[in-house]
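Inspection log for the structure reproduced underneath, given as C-alpha cells.
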Amino acid sequence: MSPRAVGATQHELSRIGLLATLAGETLARLAPRMTREQIPAGAGIVAEGDDGDRFYVVLSGILAVSQESRGAQRVLRPGDYFGEVALAMHVPRTASVRALTPVTIASCDQATFDEFIRPLFADD
C-alpha cells in the first residue's frame, strides 16, 4: 500500500448524513481534502483531553465513544461523525474514540472543517 494519503470519494461522503445536505459540486471539492484511513480493531483514534485538530466521518466499521468520568457513551457506525466539538469550540477532545472492528474513516483538518463543515452546524 502506498504511504501517500488517499482522498475519500464523493460517493462515500454522500452517505454521511451530515454531509449529504451538501451540493454535489461542494462534495466534489471536499472529497480530495478528506484523508481516508484504515484503522485496525482496538486502535485508538482520538483521546479525551488531547488537542483536536481533525474532524472524522465513519465510512465502515464500528467505533466506541467513552469518557473517563462516565465510561462508555455510545457506538458510532457508518454514516456517523466525530471531532466537531473540539474544532468548533476550540476545546480539548471531550471523549475518546477507538475502533471496535476494523474501520475506515475519513478526516479533514481545521481549515477544511471551517470552510465546508462548520456551516452545517449553524442551523442547530
Side-chain angles (χ1 to χ4, degrees):
M1 185 166 166
S2 168
R4 187 177 68 79
V6 178
T9 68
Q10 182 176 343
H11 177 72
E12 286 174 323
L13 296 183
S14 71
R15 296 186 318 208
I16 306 299
L18 174 71
L19 304 181
T21 61
L22 293 172
E25 66 182 45
T26 304
L27 274 177
R29 289 194 346 260
L30 173 60
R33 293 176 63 179
M34 298 284 290
T35 303
R36 196 174 188 280
E37 297 175 78
Q38 307 280 336
I39 308 291
I45 299 168
V46 301
E48 184 177 355
D50 285 357
D51 287 337
D53 62 353
R54 297 195 73 76
F55 169 78
Y56 300 88
V57 295
V58 182
L59 302 176
S60 69
I62 299 175
L63 302 106
V65 178
S66 63
Q67 291 179 307
E68 226 173 88
S69 61
R70 297 163 63 196
Q73 293 299 296
R74 66 184 195 271
V75 171
L76 299 175
R77 292 182 163 80
D80 290 334
Y81 57 88
F82 61 98
E84 76 283 359
V85 174
L87 292 182
M89 302 178 71
H90 303 286
V91 297
R93 296 283 183 203
T94 58
S96 295
V97 178
R98 100 185 145 74
L100 291 177
T101 67
V103 298
T104 303
I105 56 172
S107 66
C108 66
D109 61 15
Q110 178 85 52
T112 302
F113 175 82
D114 288 344
E115 180 179 346
F116 292 94
I117 299 161
R118 183 190 293 266
L120 300 175
F121 292 101
D123 296 339
D124 291 353

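Numbers for residues simply follow the sequence, beginning at 1. What you see below is based on every heavy atom in this structure, not just the backbone, and it leaves out hydrogens, waters and symmetry mates.
Pairing each heavy atom of Ala99 with each of Pro40, the nearest pair is CB-O, 3.5 Å. Summarising the geometry of Arg54 relative to Ser107, their closest heavy-atom pair is NE-OG, 2.8 Å, with the distance given to 0.1 Å.
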Verdict with reasoning, Arg33 to Glu115, per salt bridge (Lys or Arg N to Asp or Glu O under 4.0 Å): CA-CA 11 Å; Arg33 293 176 63 179; Glu115 180 179 346; 3.0 Å; yes
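For the residue pair Ser66 / Gln73, no side-chain donor-acceptor distance below 3.5 Å is found, with atom types taken as modelled.
Glu37 places no side-chain N or O within donor-acceptor distance of the main-chain N or O of Ala106, the cut-off being under 3.5 Å.
In this structure, CG on Leu13 lies 5.5 Å from CG on Leu30, to the nearest 0.5 angstrom. One finds the OG1 atom of Thr9 at 7.5 Å from the CG atom of Leu59 (value rounded to the nearest 0.5 Å). Note that the CZ atom of Arg77 and the OG atom of Ser60 stand 13.5 Å from one another [nearest 0.5 Å]. In this structure, CZ in Arg29 is found 6.5 Å from CD in Glu25, a value given to the nearest 0.5 Å. If you take CG on Leu22 and CZ on Phe116, they are separated by 8.5 Å, rounding to the nearest 0.5 Å. Distance check, rounded to the nearest 0.5 Å: CD1 of Ile62 to CZ of Arg98 gives 12.0 Å.
Residues Val46 and Phe113 fall into different hydrophobic clusters, defined by Ile, Leu, Val, Met, Phe, Trp and Tyr side chains chained together at heavy-atom separations under 4.5 Å. A single hydrophobic cluster is not seen to contain both Ile117 and Phe82; linkage of ILVMFWY side chains at heavy-atom distances under 4.5 Å, directly or through other members, places them apart. If you chain together hydrophobic residues whose side chains sit under 4.5 Å apart, Leu87 and Leu18 fall into the same group. When hydrophobic clusters are built by joining Ile, Leu, Val, Met, Phe, Trp and Tyr residues whose side-chain heavy atoms come closer than 4.5 Å, directly or via intermediates, Tyr81 is not grouped with Ile105. Side-chain heavy atoms closer than 4.5 Å link hydrophobic residues (I, L, V, M, F, W, Y) into clusters, and following such links, even through other members, never connects Leu100 to Val58.
None of Glu12, Gln10, Met34 except one satisfies the side-chain contact (heavy atoms from CB on, under 4.5 Å) rule with Leu27; the exception is Gln10.
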